[in-house]
There are 2 protein chains.
Amino acid sequence: MAEPSTRTVERALQLLGSVCDAGFLTLADAARGTELSASTALRLLRTLESAGFVRKDDEGAYRPGLRIVQLGAQALSHESIISLAEPALERIVEATGESAYVNVRAHHGPGGEHGLYIAMREGTHSVRHSSWVGRTVPMEGSASGAVLSGKTPKAGYVVVDRGVEADVTAIAAPIAVEMHAPDGTTTGTRVIAALSIVAPSYRMNPEKIKAIGELVAEEAHNVLTAYQQENQP
Amino acid sequence: MAEPSTRTVERALQLLGSVCDAGFLTLADAARGTELSASTALRLLRTLESAGFVRKDDEGAYRPGLRIVQLGAQALSHESIISLAEPALERIVEATGESAYVNVRAHHGPGGEHGLYIAMREGTHSVRHSSWVGRTVPMEGSASGAVLSGKTPKAGYVVVDRGVEADVTAIAAPIAVEMHAPDGTTTGTRVIAALSIVAPSYRMNPEKIKAIGELVAEEAHNVLTAYQQENQP
DNA sequence: CACTGCGTTTCACTTATTGAAACGTGTATT
DNA sequence: AATACACGTTTCAATAAGTGAAACGCAGTG
C-alpha cells in the first residue's frame with residue numbers, strides 16, 4: 001500500500017505544475033522539464049487544456065488556465081485561517097505600514113520543506129513589498145520558516161535580515177495550538193500558521209524591530225484565540 | 001483527432017473540481033458526484049493527495065490542498081490584465097465605496113457559458129458585497145455576462161438589478177479590443193474582460209447608477225489603453 | 001540546400017487502470 | 001442486542017487504455 005498512485009495523473013499534475021511555475025511553456029520545454037516523450041506530454045496537455053487547467057496562447061505556448069485560478073480562489077476562500085487572520089493583518093499594516101502575510105507549511109514536495117504565503121495585506125509605504133502570495137520559501141533561512149518549524153525563541157518572534165532576498169527583513173510569529181492526547185495530557189504544540197511582515201531593511205532598526213515583533217506576536221495570539229473559539233464550542 | 005483525452009486524467013481533474021466546489025467531500029460523496037466506483041475514486045484522490053492538490057482533514061474528508069492555492073495564486077499573478085486593472089479598481093472603490101471586480105469568460109464547461117470573477121477591490125461601505133473571486137456567474141442575467149458576450153448598448157455599460165442575487169445591483173463595462181485581419185481591416189471586437197461593481201440595490205438610484213456606469217465605462221477604457229500600450233510597442 | 005528542432009499523428013505492445021467483490025468497522029434501525 | 005446499512009479499504013483478474021518510437025510536414029538556420 002506504499003504508492004498506489006496512478007502514473008498518468010501524476011504526470012499530468014507535474015505538467016500542470018511546470019506550466020504554472022514557468023508562466024508559459026512550449027510543448028518541447030514542458031516535455032523536457034518533466035522527462036516525458038513529446039507525444040505523451042502533448043496528449044496530457046491537451047487533456048488539461050480541454051478541462052481548462054491550461055490554455056494555449058496566441059503563440060502556441062501553454063499557460064495556466066482559468067480553471068486553476070477559479071479552484072485556487074475557491075480553495076483560499078475555504079481556508080478559515082485566512083478570514084480569521086484578516087483583521088490582524090489589517091491592524092499590523094495600519095500600525096507599521098509594512099506588508100503583512102499569513103504563511104503555512106507547504107505540501108512536502110521535492111527540494112525539502114517549504115513555507116507558503118497564502119494571504120497578504122498590502123503595506124501603505126510607497127516603497128513596499130509586493131505580493132508574494134503563492135510563493136514558497138525554504139524553511140531554513142526564512143523567518144516564517146523558522147516559526148513554522150517550531151523554532152521560536154522565548155521572545156515569541158523571529159527576525160531574519162537579508163534571508164531569502166537581499167535588503168529585505170522579515171519578522172514572523174507562530175500561531176500554535178497545544179496538542180492533547182485522548183486522555184487530556186499535552187503532547188506538544190503544533191504550528192498551524194505564521195503571521196509575518198516583510199519590509200525593506202533600510203527602514204528597520206532595533207527598536208522598530210522589537211516593537212513590530214511584539215505586535216506581530218500579539219496579533220498571532222489574537223488569531224489563535226479566534227481560531228480556538230471557532231473550533232471548540 | 002477529435003478527443004485524444006486521457007480518461008484517467010479527466011476523471012482526476014473532475015474529482016479535484018468536485019472537492020474544490022464543495023469545500024470538503026467524503027470519499028463516497030466524491031465517488032457519487034463523479035459517477036466513479038469507490039475504488040477508482042479512492043485511488044485517484046490518493047494520487048491527488050500525494051501531489052498536494054487535495055488533503056484529508058481530521059475527520060477524514062477531502063479538502064482542497066495547498067498546491068491548488070499555490071498554483072492558482074501563481075496563475076493569477078501571470079494574468080497581466082489584473083495588475084493593469086488594479087488602479088482602475090482602486091479609483092472606482094474610492095469614488096463609489098462599492099466593491100469592484102474584474103471578470104473574464106470562464107472556460108466553457110458544463111452548463112453553458114459562464115463569467116468568472118478574477119480580481120476584486122473591496123468596497124468601503126460597512127454593508128458591502130463580500131468577495132466573489134473564483135465564483136462563476138451565468139452569462140445570461142448578469143451584467144458582466146452581458147458585456148462579456150458583447151451585448152453592450154451604446155451607453156457603454158450594462159445595469160442588472162436583482163440578476164444573479166436578490167437585492168443586488170451590478171453594473172459592468174467591457175474592456176474590448178478591435179480585431180484586425182492580417183491585411184489591416186477591422187474584423188470586429190473581442191471583449192477580453194469586464195469591469196464591474198456589485199452593490200446592494202437599496203443604495204442605488206437612477207442618477208447614481210448613471211454616474212457609476214459612466215465611471216466604470218471610463219475606467220474600462222483606461223485599462224484598455226494600458227493593455228494596448230503593453231502589447232504594441 | 002542540408003540540417004535541426006518543433007508540433008503532430010500513427011500504431012503495435014503491453015503496461016497499468018479498472019470495477020466487482022469481499023472485508024472490517026462504525027453507525028443507524030429494528 | 002441483534003440487524004442492517006454505509007463507508008473506507010484491499011485484492012485481483014480482465015482488458016481497456018496509456019505509452020513511446022518512428023515517421024511526417026513545416027519553419028527557421030547555417
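Every value quoted in this text rests on a predicted model; they were computed, and no experiment measured them. Throughout, protein chains are lettered first and strands after them, A, B, ... in sequence-line order, and every chain is numbered starting at 1.
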Just to confirm, is there a sub-4.0 Å distance from OP1 or OP2 of [N] to any side-chain nitrogen or oxygen of [X]?
X: B:R11; N: D:dA17; answer: no
X: A:S39; N: D:dG20; answer: no
X: A:T40; N: D:dG20; answer: yes
X: A:R7; N: C:dT15; answer: no

Spacing between [X] atom [atom1] and [N] atom [atom2], to the nearest angstrom:
X: A:K56; N: C:dG7; atom1: NZ; atom2: C1'; answer: 8 Å
X: B:Y62; N: D:dC7; atom1: OH; atom2: C1'; answer: 12 Å
X: B:D58; N: D:dG8; atom1: CG; atom2: C1'; answer: 17 Å
X: B:L45; N: D:dG8; atom1: CG; atom2: P; answer: 10 Å

Contacts to DNA chain D from residues 16-34 of chain B, heavy-atom cutoff under 4.0 Å, which residues?
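The answer is B:T26, B:L27, B:A28, B:R32.
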Any salt bridge between A:E122 and B:R121, counting N to O under 4.0 Å?
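No.
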Taking B:E49 first and then B:K56, would you say they form a salt bridge - that is, a charged N and a carboxylate O separated by under 4.0 Å?
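Judged by the 4.0 Å cut-off on N to carboxylate O distance, B:E49 and B:K56 do not form a salt bridge.
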Taking all heavy atoms of B:T6 and all of A:T47, pick out the closest pair and write down the distance.
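Closest approach of B:T6 to A:T47, heavy atoms only: N-OG1, 3.1 Å.
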Sugar-phosphate, base or nothing in reach of A:T8, heavy atoms under 4.0 Å
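The answer is sugar-phosphate, as A:T8 gets under 4.0 Å only of primed atoms, P, OP1 or OP2.
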